[in-house]
Number of protein chains: 2
Amino acid sequence: MTLTEEVARKKRISESTIHRLSLYFRALSLLEKEDYETVSSKELAKREKLTPAQVRKDLSFFGSFGTRGLGYPVQELKKRISAILGIDRTWRVALIGIGNIGSALVSYKEFMKQGFNIVKLFDNDQRKIGSNHKGIVVSDINNLAEEIREANIQVVIIAVPATVAQYVVDDIVAAGVKAILNFAPLNLRVPDDVYIRNENMSMELEYLSFAMVNNHTPKKVR
Amino acid sequence: MTLTEEVARKKRISESTIHRLSLYFRALSLLEKEDYETVSSKELAKREKLTPAQVRKDLSFFGSFGTRGLGYPVQELKKRISAILGIDRTWRVALIGIGNIGSALVSYKEFMKQGFNIVKLFDNDQRKIGSNHKGIVVSDINNLAEEIREANIQVVIIAVPATVAQYVVDDIVAAGVKAILNFAPLNLRVPDDVYIRNENMSMELEYLSFAMVNNHTPKKVR
DNA sequence: ATCGTTTTGTGAACCATTTCACATTTCTCA
DNA sequence: TGAGAAATGTGAAATGGTTCACAAAACGAT
């Protein structure tokens, strides 16, 4: 077990902290482009609308990366965070469902930039099977499990209609996939050792709606 | 001020509670289709991987909608939640940026279902301007503010590249828009009275990556 | 070398959210 | 009509997350 693993297990890093690491990574990428050598928790916080204490506390869960009086070395910290997040490597990703959302995601460059390489596409529509998207030929969903295994897929993105999503998930779980990003608006059942995250785009619109109707004044804006 | 507003102000409803309301709404829609008359907090919780106490506490912030011994009336509760979330009406939405993501969102039926009607499309690309997407003609981003005002837009979805997102936001804020859903991966500056939510699709993949690399065992899975 | 300034790293204090636990209500069935 | 079962609503307790505040460290200027 690596040091990072150890720490993450012991201290039970919160979901919020992990999400903020993503924000720090993003800010650091920009700072790097702007030729910053170092950055203070204050500046980092300002750029992502957080507090300096929050930044320092988050980072402190994983080690002490800064220099008192100076701040954090931009390049170094960026590397550290990418290692913590596990995006210092490439992940083999399959995308299932080449509809509206699916097609958009194939071309979504942010995924590739963070090391998520979409290498397989699946659909059940005969008109789509065999077609080419960004150099990848769409496979038939029929022998999904087998192809997923053969292609050594580590992460699956679900972009199929809600009605069939559970079947698809059962298949890919059987194929040994341990990480799923789900765009279908329903709660999917997976075994305990499978990580699943839901991307529910209506939810944020609903939050906006709630805020407007109720004049909501949240303590914090994510 | 309505009762709901009053409650939301006083008790400072948390973001998590609001997000869970979205989940309850979704579950209730399904239950309604399945012809359930009533539902218990237990069943509702099970369907969204929450706890019964959580469900009851969330709902209790807004009133007491259930009957002891029986549960909650499905239709009635669904209506109540949709009123609380403000999705018992239609919102006029403009979508800016008709690229990968943008085009996908125009056809994304979930938005329409929840009352978010995309009625205006904008882009700065001459090849796209004038083209028709789902019956809506793409307008030039040039006189954005004016057109937004004229069309009485209440919500704007930003699907432009990060490099231009801030300019677009400044324009729509000037046009009086108070709610923004941002897909560009950066932190946008808006005045305090403007609600903005970020949809960062890489973030969830990064969470999955973190979880795999660190054998993360979160207390709760969202 | 020393002083003042800056800024980290981190326990402790604080605040927010979740869970517990139970009184209360309603329903059902005999 | 009454007893048992089911399930809500809600204070209180427990847990978890954020902010505070300050000692310690490093730097820069003199």
Side-chain angles (χ1 to χ4, degrees), chain A residues 3 7-21 23-24 28 31 36-74 76-77 80-81 84 216-222, chain B residues 7-21 23-24 28 31 36-74 76-77 80-81 216-222:
Chain A
L3 177 65
V7 172
R9 262 179 195 291
K10 287 247 180 59
K11 306 225 172 168
R12 280 290 202 72
I13 302 301
S14 78
E15 190 178 310
S16 323
T17 293
I18 301 167
H19 274 153
R20 282 190 299 267
L21 289 183
L23 300 182
Y24 303 147
L28 288 164
L31 285 159
Y36 277 67
E37 297 263 302
T38 60
V39 63
S40 64
S41 56
K42 196 173 161 197
E43 172 69 15
L44 212 37
K46 194 181 123 215
R47 291 191 174 221
E48 295 294 344
K49 276 208 209 97
L50 301 164
T51 65
Q54 180 89 82
V55 172
R56 294 200 301 276
K57 176 65 73 170
D58 281 340
L59 296 177
S60 78
F61 291 136
F62 301 97
S64 39
F65 309 123
T67 307
R68 288 165 196 231
L70 233 200
Y72 301 90
V74 171
E76 163 76 4
L77 183 59
R80 293 306 206 93
I81 291 180
I84 293 165
H216 193 233
T217 50
K219 257 191 71 67
K220 286 250 306 268
V221 193
R222 180 155 73 85
Chain B
V7 172
R9 261 178 197 291
K10 286 248 181 57
K11 306 225 172 168
R12 279 291 203 70
I13 303 300
S14 77
E15 190 179 308
S16 324
T17 292
I18 301 166
H19 274 153
R20 283 190 300 266
L21 289 183
L23 300 183
Y24 303 147
L28 288 163
L31 286 160
Y36 278 68
E37 297 263 302
T38 60
V39 62
S40 63
S41 57
K42 197 173 159 195
E43 172 71 14
L44 212 38
K46 194 182 120 214
R47 292 192 172 221
E48 294 295 343
K49 276 209 206 95
L50 301 165
T51 66
Q54 179 88 82
V55 172
R56 294 200 300 275
K57 175 71 57 167
D58 281 339
L59 296 177
S60 79
F61 291 135
F62 301 96
S64 39
F65 309 122
T67 308
R68 290 165 194 230
L70 233 201
Y72 301 91
V74 171
E76 162 75 4
L77 184 58
R80 294 306 206 94
I81 291 181
H216 194 232
T217 50
K219 256 193 71 68
K220 287 251 307 268
V221 193
R222 180 155 71 86

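Lettering follows sequence order; numbering is per chain, from 1. Heavy atoms only: backbone and side chains are in, while hydrogens, waters and symmetry mates are out. Nothing here was measured: the structure is a model prediction, and the numbers come from that model.
One interatomic measurement links the two molecules: CG of A:Leu59 to P of C:dT10, which rounds to 11 Å at whole-angstrom precision. Residue A:Phe61 contributes atom CZ, which lies 12 Å from atom P of D:dT19 at whole-angstrom precision. A straight line from CG of B:Leu77 to C1' of D:dT8 spans 13 Å, rounded to a whole angstrom. The distance between atom NZ of B:Lys49 and atom C1' of C:dT18, rounded to the nearest whole Å, is 19 Å. The CG-C1' distance, from A:Asp58 to C:dT10, rounds to 13 Å in whole Å. The separation between B:Arg12 atom CZ and C:dA16 atom P is 8 Å, rounded to whole Å. Between the C1' atom of C:dT10 and the CZ atom of A:Phe65 lies a distance of 15 Å, rounded to the nearest Å. Whole-Å rounding puts the B:Lys57 NZ to D:dA14 P distance at 15 Å.
Rounding to the nearest 0.5 Å places OG of A:Ser14 at 10.0 Å from NE2 of A:His19. For the atom pair OH of B:Tyr36 and CG of B:Leu44, the computed distance is 11.0 Å after rounding to the nearest 0.5 Å.
No cation-pi contact links B:Arg20 to B:Phe61, judged by a cut-off of 6.0 Å to the six-membered ring centre and 45° from its axis.
B:Leu70 is linked by a side-chain contact (heavy atoms from CB on, under 4.5 Å) to B:Thr38, B:Thr67, counting only residues two or more places apart in sequence or in another chain.
Contact annotation: B:Arg56 side-chain N/O to C:dT19 OP1/OP2 distance is not under 4.0 Å. Contact annotation: B:Thr51 reaches the phosphate of C:dT19 (side-chain N/O to OP1 or OP2, under 4.0 Å). In this structure, A:Gln54 does not reach the D:dG17 phosphate: none of its side-chain N or O atoms is under 4.0 Å from OP1 or OP2. Distances shorter than 4.0 Å separate none of the side-chain N or O atoms of B:Tyr72 from OP1 or OP2 on D:dA6.
Side-chain contact between B:Tyr72 and B:Glu43 is absent, with no heavy atoms from C-beta onward closer than 4.5 Å. Under the 4.5 Å side-chain criterion, counting only non-hydrogen atoms from C-beta, B:Leu50 is in contact with B:Tyr24. Side-chain contact between A:Leu21 and A:Ile13 is absent, with no heavy-atom pair separated by less than 4.5 Å. Looking at heavy atoms from C-beta onward, B:Leu77 lies in side-chain contact with B:Leu59 at the 4.5 angstrom threshold. Two residues are said to be in side-chain contact when any heavy atoms from C-beta on lie closer than 4.5 Å; A:Leu28 and A:Leu31 meet this criterion.
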How would nucleotides 25-30 of chain D be written as a contact map, 5' to 3', with B for base contact, S for sugar-phosphate-only contact and - for no contact, using protein heavy atoms under 4.0 Å? BS----
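Fit an axis to the five pairs at each end of the helix from C:dA1-D:dT30 to C:dA30-D:dT1 and the two axes sit 20° apart, to the nearest 10 degrees.
Of the candidate nucleotides D:dG9, C:dT19, D:dT18, D:dT18 has the atom lying nearest to any side-chain atom of A:Ser16.
Residue B:Ser41 comes nearest to B:Arg56 through the heavy atom pair OG-NH1, 3.2 Å, listed as atom of the first residue, atom of the second, then distance.
Nucleic acid contact class of B:Lys42 (heavy atoms, under 4.0 Å, all strands): none. Backbone-only contact: A:Ser41 has heavy atoms under 4.0 Å from sugar-phosphate atoms and none from a base.
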